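To start, the structure itself, in structure tokens.
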Amino acid sequence: KCIMPWATINLHCFHRKQWYRAFTFILTFLLYTSFHLSRKPISIVKVTPSLTHRMYISMHPDDIQCVHSHSLKVCSPSTDKNNYKQLLGAMDYSFLFAYAIGMYLSGIIGERLPIRLYLTVGMLCSGLFTCLFGLGYIYNIHSLAFYVSVQVANGLVQTTGWPSVVTCISNWFGKGRRGLVMGVWNSHTSVGNILGSLIAGSYVSSNWGMSFIVPGIIIAAMGVVCFLFLIERTYCHGLLPGVGRASKERGLLWWMKTAASGRVPLQQVVVVKSESEPSAISFMGALRIPGVIEFSLSLLFAKLVSYTFLFWLPLYITKAAHLDAKKAGDLSTLFDVGGIVGGILAGVISDKLGKRATTCAVMLLLAAPTLYGFSMISQFGLGPTVAMLLVCGGLVNGPYALITTAVSADLGTHKSLKGNARALSTVTAIIDGTGSVGAAVGPLLAGVLSAGGWDQVFYMLMTADFLALLFLLRLVKKELTSSKSRPISTVE
């Protein structure tokens, strides 16, 4: 069943499939940009003493000093404690573990509900919880339980995003040049991180509550846009009067006559449903698709590295480069700029060679020593740090982007499914859900290991990169030993 959003009905008069593809590409890009835009502020705000004081006060209410100034009671830790990193780590993994658990359910639910409505509800709820976190500053809330609860709720509702947008974009774009298309499209992750950093950075020194409230309003507003404009599938535009059966002019004339007579249809709905339409795939059925387990486990460690950078890079820069919170946040966006280039390059190369696993493996192999180089070079000034941030961003986010987009779409339409396209959301959720376990573990480990020095964090990241490579070796061997006359991907 395909329900047309009313705001796009008049667009059918043009009847240009390429136009609809471009429209869906841009809209889904902006929708998921808002998801990442709303996740980024915590990594910027955690640098501020205000938030760390709130976390510490909530855990140690007897170990504080309070002074009265201008009728206000201001409290702060009486001593400089060292466990603030662990408390901030709790903020990260409360969101990420909820996200990882919810993702496995989200794909299964998403296969059985209209994508547009499912995604809209998720975005509106995410906007609510993001704003609630910021309101904790405005209403002077000093409760760790409050902030953790909001993070958990936000993590659960944000799982509606990824399976929905990947399914939607895959419905509109076939396998031809999928790596390039999705490599460009997946730059929404980095664009969202950049915008989130800039928005949060502009408020972090004066009123960090607005660093969350503004992104929360943006994602909620995009949820309304999603409800009004998202077109889920290519066949949604084929059966309107005057379109597909007559000229574009007849379609336009039909709508003008209907509007002029005051008889605007109450139900602007197109239903296309075949009696033989296959049922949605089960969780275990999705796991049996060749390559799903290997890519899922590889993404677990690749996403561990990416999300550790996402949540801890600004704090690391403040310590290594001795910059304030705003400048560190601005500088951290270079990692995402490199990620945009890396994701596009990974897509182009894998399209050209027809070898997704091999492309990922090479980038992972290069990423590990580059991470070590970044940990060394970042101590020697701003110039080398900028260069290494760009290179690290490309090599770290390249495999992550390729697996979560083109590889997931390929596996969701694998030939073993015999044309059943209703596996895409479930496969995407399994792969990204497994990766999200790594995304939850990474920042948690970083919070613990950083207490003993940042070198230990980088050793952990390099180990994770090698493990991600290890899980791809069987698929790489299969690709390299395949027929050389025609490139064959392991996800074909």
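Residue numbers start at 1 and run along the sequence shown. Everything numeric here is computed off the predicted structure, so don't read it as measured data.
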remark   = Shortest non-hydrogen pair, Ile431 vs Leu299, comes out as O-CD2, 3.2 Å
ask   = Ser126 side chain to Gly122 main-chain N or O, any donor-acceptor pair under 3.5 Å?
value = no
Tyr307 side chain vs Gly435 backbone, donor-acceptor pair below 3.5 Å = no
task = Check side chain to side chain donor-acceptor pair (under 3.5 Å) between Ser298 and all other residues, then give those that pass, not counting sequence neighbours.
result = none
message = Please enumerate all residues that pass side chain to side chain donor-acceptor pair (under 3.5 Å) together with Ser187, with sequence neighbours excluded.
response = none
ask   = Partners of Asp432 by salt bridge (Lys or Arg N to Asp or Glu O under 4.0 Å), sequence neighbours excluded?
value = Lys303
request  = Just do the ring pair (Phe, Tyr, Trp, His ring centres under 6.0 Å) check on Trp208 and Tyr137 with the steps written out, would you?
outcome  = CA-CA 7 Å; Trp208 64 255; Tyr137 173 85; 5.0 Å; yes
query = With a 3.5 Å cut-off and no angle check, do the side chains of Ser306 and Asn397 form a donor-acceptor pair?
reply = yes
query = Heavy atoms, side chains only, cut-off 4.5 Å: are Ile199 and Pro41 in contact?
reply = no
ask   = Backbone N or O of Asn154 within a donor-acceptor pair of the Gln158 side chain at under 3.5 Å?
value = no
ask   = Which atom pair, heavy atoms only, marks the closest approach of Thr24 to Cys168?
value = CG2-SG, 3.8 Å
request  = Have a look at Val337 and tell me which of Val191, Leu389, Leu390 forms a side chain to side chain contact (heavy atoms under 4.5 Å, CB included) with it.
outcome  = Leu390
note = Correct closest heavy-atom pair for Phe471 and Phe301 would be CE1-CE1, 3.4 Å
message = Has Asn193 got a side-chain atom pairing as donor or acceptor with Thr189's backbone, closer than 3.5 angstrom?
response = yes
key: Worked verdict on Ser106 versus Tyr118 for side chain to side chain donor-acceptor pair (under 3.5 Å)   = CA-CA 10 Å; Ser106 181; Tyr118 185 55; 2.9 Å; yes
request  = Taking the side chain as every heavy atom from C-beta outward, state whether Phe295 and Leu472 have any pair of such atoms under 4.5 Å apart.
outcome  = yes
key: Exam field: side chain Thr159 to backbone Leu156, donor-acceptor pair closer than 3.5 Å   = yes
request  = Scan side-chain atoms only and decide if Tyr459 and Ser375 contain a donor-acceptor pair under the 3.5 Å cut-off.
outcome  = no
message = Assess, by modelled atom type and distance only, whether the side chains of Trp312 and Ser450 contain a donor and an acceptor separated by less than 3.5 Å.
response = no
ask   = Who are the ring pair (Phe, Tyr, Trp, His ring centres under 6.0 Å) partners of Phe374, not counting sequence neighbours?
value = Tyr316, Phe458
Ser170 side-chain N/O to Thr167 backbone N/O, donor-acceptor pair under 3.5 Å = no
key: Donor-acceptor contact below 3.5 Å, side chain Arg356 vs main chain Val407   = no
request  = With sequence neighbours excluded, give me every salt bridge (Lys or Arg N to Asp or Glu O under 4.0 Å) pair touching residues 367-391.
outcome  = none
key: Results of ring pair (Phe, Tyr, Trp, His ring centres under 6.0 Å) for Tyr32 - residues two or more places apart only   = Phe35, His36, Trp162, His188
message = Using 30° and 60° as the class boundaries, would you call the ring planes of Phe173 and Phe25 parallel, tilted or perpendicular?
response = perpendicular
inquiry  = Under a 3.5 Å distance rule, please check whether Ser408 uses its side chain to pair with a backbone N or O of Ile403 as donor and acceptor.
reply    = yes
